[in-house]
Amino acid sequence: MSQTSQIKADAVAGEAEQAVELIGVNKWYGDFHVLRDINLSVRRGERIVVCGPSGSGKSTMIRCINRLEEHQKGRIIVDGIELTNDLKRIDEVRREVGMVFQHFNLFPHLTILENCTLAPMWVRKMPKKEAEEVAMHFLTKVKIPEQAGKYPGQLSGGQQQRVAIARALCMRPRIMLFDEPTSALDPEMVKEVLDTMVSLANEGMTMLCVTHEMGFARQVADRVIFMDAGQIIEMNEPEPFFSNPQHERTRLFLSQIL
Ligand code: ADP
Ligand code: MG
């Protein structure tokens, strides 16, 4: 463990042991039962990869964790905070949880630097100069400090996604959620984004990643989850998950993507 991640680990010791807990979570879109009895505990520093067919509820589950979607039954506890309708607590949770989407969702009319300083200045009330220092630190980390003055449209997809990761990190989240961060990218740009995610994983960040990049899953995941039709069908460490899937539906899915 690096020195900084050790300091981080020490700083959080004694707080909520689980980073994320979903207990009997159910969600409906109207009559459609999209999440069915989801149970999942994510320990601090754990890296979870979520895979499964399109429409199985992966995005919905991830989005419930920072309350972009509401669940109707069961409990979701993030960093010790239970998600209810208490908006103040939801704001607290959103500060702790960074999210990276398939489509980078950068603000097109703001520079890369401004994209990164906006939330720290307005949500964390950070002075501009400090926010810019933090932004440059993370843009350097994702290896594009020289792009700081450009606009998103001037960057490649891979560069934009790395900005999106840096922007999330500028809020100093304790948990990072990724929803298919490489699936909108041209193949040659996938690696640069995955490399960024691997280095984040190696620093001890708690991560929940929806992705079909199974090489990434093998390399960094502590556990891989397979979802189908709103349920967690299978959850295991990568080695047994890939070499000996227990469920027919998992086997079928893996045979289609590997
Ligand atoms: P995945 O990310 O695994 O592809 P999603 O969580 O996006 O799956 O969607 C799960 C199911 O819920 C899909 O059938 C989808 O059409 C449906 N769904 C997603 N969002 C909504 C919504 N806002 N309203 C109604 N149905 C939705
Ligand atoms: Mg999705």
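Computation of the quantities below employed the complete heavy-atom set of this structure, encompassing side-chain atoms and omitting hydrogens, waters and symmetry-equivalent molecules. The first residue of the sequence shown is numbered 1, and numbering continues consecutively from there.
Within 6.0 Å of CZ on Arg124 lie more than 12 heavy atoms contributed by other residues, nucleotides or ligands. Heavy atoms of other residues, nucleotides or ligands lying less than 6.0 angstrom from CZ of Arg75 number 12 at most.
The structure places SG of Cys116 at 10.0 Å from CG of Leu118, a figure rounded to the nearest 0.5 Å. Between atom CG of residue Leu254 and atom CZ of residue Arg249 there is a gap of 13.5 Å, rounded to the nearest 0.5 Å. Expressed to the nearest 0.5 Å, how far CZ of Arg94 lies from CE of Met99 amounts to 10.5 Å.
Hydrophobic cluster membership is shared by Ile76 and Val97, with clusters built from Ile, Leu, Val, Met, Phe, Trp and Tyr side chains linked at under 4.5 angstrom. Residues Ile112 and Met136 share a hydrophobic cluster, clusters being chains of Ile/Leu/Val/Met/Phe/Trp/Tyr side chains in contact below 4.5 Å. If you chain together hydrophobic residues whose side chains sit under 4.5 Å apart, Val210 and Leu68 fall into the same group.
The aromatic rings of Trp28 and His33 lie parallel to each other, their planes meeting at an angle below 30°, with 60° marking the opposite boundary.
Residue Asn39 comes nearest to Met235 through the heavy atom pair O-CE, 4.2 Å, listed as atom of the first residue, atom of the second, then distance.
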Item checked: salt bridge (charged side-chain N to carboxylate O under 4.0 Å, His left out) between Lys129 and Glu132, worked out -> CA-CA 5 Å; Lys129 188 166 175 295; Glu132 288 182 348; over 6 Å; no
Item checked: Steps toward side chain to side chain contact (heavy atoms under 4.5 Å, CB included) verdict (Leu35, His71) -> CA-CA 8 Å; Leu35 295 179; His71 62 291; 5.8 Å; no
Next item on the list: Evaluate side chain to side chain contact (heavy atoms under 4.5 Å, CB included) for Phe226 paired with His247, printing each intermediate quantity in order.
Entry: CA-CA 10 Å; Phe226 173 69; His247 292 265; 6.0 Å; no
Next item on the list: Evaluate salt bridge (charged side-chain N to carboxylate O under 4.0 Å, His left out) for Arg44 paired with Asp79, printing each intermediate quantity in order.
Entry: CA-CA 9 Å; Arg44 292 204 172 285; Asp79 210 19; 2.4 Å; yes
Next item on the list: Output, in order, the C-alpha distance, side-chain angles, deciding distance and verdict of side chain to side chain contact (heavy atoms under 4.5 Å, CB included) for Val25 and Asp37.
Entry: CA-CA 5 Å; Val25 170; Asp37 294 319; over 6 Å; no
Check: Can Asp222 and Ile48 be said to form a side chain to side chain contact (heavy atoms under 4.5 Å, CB included), step by step?
Finding: CA-CA 6 Å; Asp222 297 296; Ile48 307 267; 5.8 Å; no
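Between the side chains of Ser59 and Asp179, at least one donor N or O sits under 3.5 Å from an acceptor N or O. Side-chain contact annotation: Arg95 with Asn66, donor-acceptor N/O pair under 3.5 Å absent. Judged purely by distance below 3.5 Å, without hydrogens or angles, the side chains of Thr206 and Glu46 never pair a donor atom with an acceptor atom.
Under the salt bridge (charged side-chain N to carboxylate O under 4.0 Å, His left out) criterion, the residue pairs touching residues 182-191 are Lys191-Asp195, with sequence neighbours excluded. For residues 147-168, the salt bridge (charged side-chain N to carboxylate O under 4.0 Å, His left out) pairs, not counting sequence neighbours, are Arg162-Glu192.
With respect to the salt-bridge test (charged N to carboxylate O, under 4.0 angstrom), the residues Lys141 and Glu203 qualify.
A heavy-atom distance below 4.5 Å is not found between the side chains of Glu239 and Phe241.
Counting side-chain heavy-atom gaps under 4.5 Å among Ile, Leu, Val, Met, Phe, Trp and Tyr, the cluster of Met171 also holds Val123.
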